[in-house]
S.K.: 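Below is a structure I'd like to ask you about.
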Amino acid sequence: MARLRSVAVPVATLCVVAAVGFSAAQAAPQSRGPHQRGTTLTVVEHADTDTVVDLGPRGDSLGDTLAFGNPVYSTSGARIGSDQGSCVRTKVGAAWECSWTTTLNGGSLVVQGPFYDDADSTLSITGGTGRWSGAHGQMHLHALDAEGSAYRFTFSVED
């Protein structure tokens, strides 16, 4: 019996320590993706599918919706992902309020904010998935032509 107790007590102690350690590990915050503080990523969106749904008075009006699902390319021209989202017209002839997800290899980045018809825009990065999990920061949007067929997105991701 003494021999059983000398083995049972250390084994029981080991089990308790392991269980406590496992419980603490489960309760700890999950690590974020491997992006580094101050990571900058630049991509080019080709606005191939932009569609405006005219919802109010005929023509450009408050509440109209812009929906899209477009390919995204590296600055060297290789296709690296896509984006999907929508915008609501908030100021006729001038501005939309938008939300979209840019999906890249290894994860996605979600942005929200204004899109201006005739000026650059800065949107908030509100989150991400995969390697961008927990991301926040800003995305600068710049039109690459007057027709609105291509846009440069520069994501400034903070951790």
Side-chain angles (χ1 to χ4, degrees), residues 20-159:
V20 169
F22 180 74
S23 295
Q26 293 295 339
Q30 299 297 309
S31 63
R32 294 184 178 185
H35 57 274
Q36 300 294 318
R37 183 166 193 75
T39 298
T40 300
L41 170 69
T42 300
V43 301
V44 175
E45 179 213 41
H46 291 193
D48 298 339
T49 68
D50 289 16
T51 302
V52 174
V53 180
D54 192 2
L55 296 172
R58 180 176 228 101
D60 189 9
S61 62
L62 192 67
D64 286 351
T65 300
L66 168 66
F68 57 92
N70 292 315
V72 173
Y73 298 84
S74 68
T75 56
S76 63
R79 183 165 178 176
I80 57 171
S82 63
D83 64 10
Q84 303 82 37
S86 61
C87 305
V88 175
R89 180 58 100 179
T90 55
K91 187 170 184 187
V92 175
W96 302 82
E97 182 65 24
C98 302
S99 178
W100 73 82
T101 302
T102 302
T103 303
L104 305 165
N105 187 21
S108 62
L109 288 161
V110 180
V111 299
Q112 184 172 4
F115 169 77
Y116 300 112
D117 291 12
D118 296 319
D120 289 359
S121 303
T122 301
L123 295 89
S124 294
I125 298 172
T126 58
T129 65
R131 71 174 293 206
W132 305 106
S133 177
H136 65 279
Q138 301 183 80
M139 185 203 78
H140 182 78
L141 180 150
H142 174 75
L144 295 177
D145 59 31
E147 295 77 35
S149 66
Y151 296 90
R152 182 175 57 234
F153 299 165
T154 302
F155 296 93
S156 297
V157 182
E158 299 174 16
D159 193 19

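All values below come from the heavy atoms of this structure, side chains included, with hydrogens, waters and symmetry mates left out. Please read these numbers as outputs of a predicted model, since none were measured by experiment.
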S.K.: So for atom CG, which belongs to D145, do other residues, nucleotides or ligands contribute more than 12 heavy atoms lying within a distance under 6.0 Å?
M.R.: yes
S.K.: Quick one: do L123 and L141 satisfy side-chain contact (heavy atoms from CB on, under 4.5 Å)? Show the steps, please.
M.R.: CA-CA 8 Å; L123 295 89; L141 180 150; 4.3 Å; yes
S.K.: With distance as the sole test, does T49 use its side chain to make a donor-acceptor pair with the main-chain N or O of G69 at under 3.5 Å?
M.R.: yes
S.K.: Got D64 and V53 here, is their nearest side-chain heavy-atom distance under 4.5 Å?
M.R.: no
S.K.: Kindly say whether S76 contributes a backbone atom to a donor-acceptor pair with the side chain of S74 at under 3.5 angstrom?
M.R.: yes
S.K.: Please name the pair of heavy atoms, one in K91 and one in L62, separated by the smallest distance, quoted to 0.1 Å.
M.R.: N-CD1, 4.3 Å
S.K.: Between the main-chain N or O of N70 and the side-chain N or O of D48, is there a donor-acceptor pair closer than 3.5 Å?
M.R.: no
S.K.: How long is the straight-line distance from OG1 of T42 back to NE2 of H140, given to the nearest 0.5 Å?
M.R.: 10.0 Å
S.K.: Can you give me the closest heavy-atom contact between F115 and C98, atom names plus distance?
M.R.: CB-SG, 3.6 Å
S.K.: So how far is it from S86 OG to E97 CD, rounded to the nearest 0.5 Å?
M.R.: 10.5 Å
S.K.: Taking CD in Q138 as the centre, count heavy atoms belonging to other residues, nucleotides or ligands within less than 6.0 Å. Is the count above 12?
M.R.: no
S.K.: To the closest 0.5 Å, what do you measure between OG1 (T39) and CD (E158)?
M.R.: 10.0 Å
S.K.: Is there a side-chain contact between H46 and Y73, using heavy atoms and a 4.5 Å cut-off?
M.R.: yes
S.K.: Which disulfide (SG to SG under 2.5 Å) pairs, counting each pair once, include a residue from residues 52-83, with sequence neighbours left out?
M.R.: none
S.K.: When the ring planes of F155 and F153 are compared, do they come out parallel, tilted or perpendicular, using 30° and 60° as the limits?
M.R.: perpendicular
S.K.: At their closest point, which heavy atom of W100 faces which heavy atom of G85, and how far apart are they?
M.R.: CB-CA, 3.5 Å
S.K.: Between V44 and A150, which heavy-atom pair has the shortest distance, and what is it?
M.R.: CG1-CB, 4.4 Å
S.K.: Would the distance check show the side chain of S133 and the main-chain N or O of T129 forming a donor-acceptor pair, the cut-off being under 3.5 Å?
M.R.: no
S.K.: Of all the heavy-atom pairs spanning D83 and V72, show the shortest one and how long it is.
M.R.: N-CG2, 3.8 Å
S.K.: Roughly how far apart are S61 OG and L55 CG, rounded to 0.5 Å?
M.R.: 7.5 Å
S.K.: Looking only at non-hydrogen atoms, find the nearest pair between V88 and G63 and report the distance.
M.R.: CG1-CA, 4.0 Å
S.K.: Sub-3.5 Å donor-acceptor pair from the side chain of S156 to the main-chain atoms of T154, do we have one?
M.R.: no
S.K.: Taking NZ, NE, NH1 and NH2 as the nitrogens, is one of them in R89 or D54 under 4.0 Å from a carboxylate oxygen of the other?
M.R.: no
S.K.: I need the S149 OG to E45 CD distance, nearest 0.5 Å.
M.R.: 10.0 Å
S.K.: About how many Å separate OG1 of T102 and CD1 of I80, when rounded to the nearest 0.5 Å?
M.R.: 9.5 Å
S.K.: Verify side-chain contact (heavy atoms from CB on, under 4.5 Å) between W132 and I125, making sure each step is shown before the conclusion.
M.R.: CA-CA 10 Å; W132 305 106; I125 298 172; over 6 Å; no
S.K.: Do any N or O atoms from the side chain of S121 and from the backbone of Y116 form a donor-acceptor pair under 3.5 angstrom?
M.R.: yes
S.K.: For a 4.5 angstrom cut-off between non-hydrogen side-chain atoms, does L41 reach L104?
M.R.: yes
